[in-house]
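Atoms within a ligand are numbered from 1 in the order they appear, just like the ligands themselves.
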Amino acid sequence: MKLQESINNNQGPYLITGPCSAETPDQLMQVCVEIAQNKQANLLRAGIWKPRTRPDSFEGVGAIGLPWLVEAGKACGLPTTTEIANAHHANAALKAGVDVLWIGARTTVNPFAVQEIADALKGVDIPVMVKNPVNPDLELWIGAFERLEKAGIKDLAAIHRGFSFYKHPKYRNAPNWEIPMAFRQRCQDIPMICDPSHIAGKRDLLLEICQKAMDLNYDGLMIETHPDPLKAWSDASQQVTPKGLGKLLMNLVLRSSESNETIEQQLQEFRDKIELLDDRLFDILSSRMNLSKEVGEFKRLNNITIYQQEHWAKVISKRMSKSEDYQLTERFIRQAMDAIHQESIRHQTKVMNPNLPNSETP
Ligand code: PEP
Ligand code: MN
């Protein structure tokens with residue numbers, strides 16, 4: 001099958017649904033029949049080999065589940081996909097007739113494993129989807145695509161499933177939306193699918209993530225769907241029934257990424273105003289940095305260090321305390337102030353150490 005073509009020709013988000021794990025032939029068939037009847041899938045997913053964090057968790061039924069998946073797909077007219085983590089998985093899935101393969105987050109992180117898979121797929125005409133690595137490393141994610149492309153695999157898609165995070169206040173994995181956005185800037189022909197199930201970790205949070213993905217113009221969604229989620233052998237708290245999936249999809253607002261001339265003109269007026277503000281913003285930043293140079297000169301003459309922790313803590317906390325007035329998140333304020341601070345330190349460093357060749361901070 002042609003994956004990119006199917007995604008690009010699809011009306012609305014391309015849907016990859018099905019259980020986290022294949023458990024029994026009945027479980028797979030039941031969920032597949034329902035999602036096919038309700039037109040809730042373009043591609044049927046099920047994990048056969050499950051890389052789990054702890055050794056006592058269910059690690060998948062193994063190769064015995066491959067024919068269950070392929071047969072459920074055939075019975076309902078749906079192509080199928082499963083996760084592969086090594087060359088042995090790749091060969092077994094190909095032999096069973098799985099239509100699309102995906103590389104999971106815990107495998108993308110390992111260049112040796114990705115290379116092994118790429119070598120196993122050399123000369124094979126099969127689409128491959130690559131989830132982001134568990135760590136927030138854009139280059140590693142892109143590197144996995146390069147390995148596959150070098151092996152002749154051209155029909156590729158990316159899946160954003162979030163990044164490992166110690167005690168995220170809300171989600172199982174931090175979305176870090178800026179990383180998939182940067183990926184799309186760099187690899188414009190590769191479709192981007194969002195996997196809200198593994199970002200959220202909880203059913204109740206799926207809709208808000210799906211909506212954000214749609215508003216960011218993602219091409220599709222991979223949503224774990226189980227006939228009886230509470231009894232699922234893996235990821236029970238994030239899976240939804242086909243009925244729950246239907247409700248979620250009904251509540252999703254789909255907006256067009258294309259507009260007409262009148263809308264474009266009106267939009268341009270807003271953009272012009274924003275550009276004027278950006279002009280002012282950067283003029284102010286530039287003046288601020290000129291002051292930083294003067295401060296650097298003063299510190300050099302008086303022989304004091306650039307960084308004074310107490311002072312900087314005060315500067316940050318003053319701005320953060322105004323987050324409600326500004327209607328900006330504390331996270332944004334901290335990031336913006338940190339970026340300004342780094343640039344200021346760079347200017348001061350240059351002034352204070354004019355004779356050092358590499359005095360710029362990275
Ligand atoms: C999955 O899709 O079930 C899975 C294990 O995903 P990830 O690689 O994102 O953890
Ligand atoms: Mn899962």
Measure the spacing between CG of Asn86 and CZ of Phe112 and express it to the nearest 0.5 Å.
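Going from CG on Asn86 over to CZ on Phe112, the span is 15.5 Å.
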Is the shortest heavy-atom distance from the side chain of Arg334 to the side chain of Arg319 under 4.5 Å?
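Side chain of Arg334 against side chain of Arg319, heavy atoms only: no contact under 4.5 Å found.
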If you define the side chain from C-beta out and look only at heavy atoms, does anything of Met192 sit under 4.5 Å from Ile190?
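Not touching, per the 4.5 Å side-chain cut-off.
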In terms of ring plane angle, is the pair [X] and [Y] parallel, tilted or perpendicular, where the classes change at 30° and 60°?
| X | Y | value |
| --- | --- | --- |
| Trp177 | Tyr218 | perpendicular |
| His341 | Trp312 | parallel |
| Trp141 | Phe183 | tilted |

Under the side-chain contact (heavy atoms from CB on, under 4.5 Å) criterion, do Asp204 and Glu208 qualify, and how do the steps go?
CA-CA 9 Å; Asp204 296 352; Glu208 62 183 56; over 6 Å; no
Can you tell me, to 10 degrees, how wide the angle at the Mn ion (ligand 2) is between OE2 on Glu224 and SG on Cys20?
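Value, to the nearest 10 degrees: 90°.
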When you draw lines from the Mn ion (ligand 2) to OD2 of Asp235 and to NE2 of His198, what angle lies between them, to the nearest 10°?
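The two atoms subtend 90° at the Mn ion (ligand 2).
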Pairwise, report which nitrogen or oxygen atoms of ligand 1 are under 3.5 angstrom from protein nitrogen or oxygen atoms, and how far apart they are.
| residue | atom | partner | partner atom | Å |
| --- | --- | --- | --- | --- |
| ligand 1 | 2 (O) | Arg45 | NH1 | 2.8 |
| ligand 1 | 2 (O) | Arg45 | NH2 | 3.4 |
| ligand 1 | 2 (O) | Lys131 | NZ | 2.8 |
| ligand 1 | 3 (O) | Arg45 | NH2 | 3.0 |
| ligand 1 | 3 (O) | Lys50 | NZ | 2.7 |
| ligand 1 | 3 (O) | His198 | NE2 | 3.2 |
| ligand 1 | 3 (O) | Glu224 | OE2 | 3.1 |
| ligand 1 | 6 (O) | Lys131 | NZ | 2.9 |
| ligand 1 | 8 (O) | Ala105 | N | 2.8 |
| ligand 1 | 9 (O) | Lys131 | NZ | 2.9 |
| ligand 1 | 9 (O) | Arg161 | NE | 2.6 |
| ligand 1 | 10 (O) | Arg106 | NH1 | 2.8 |
| ligand 1 | 10 (O) | Arg161 | NH2 | 2.8 |

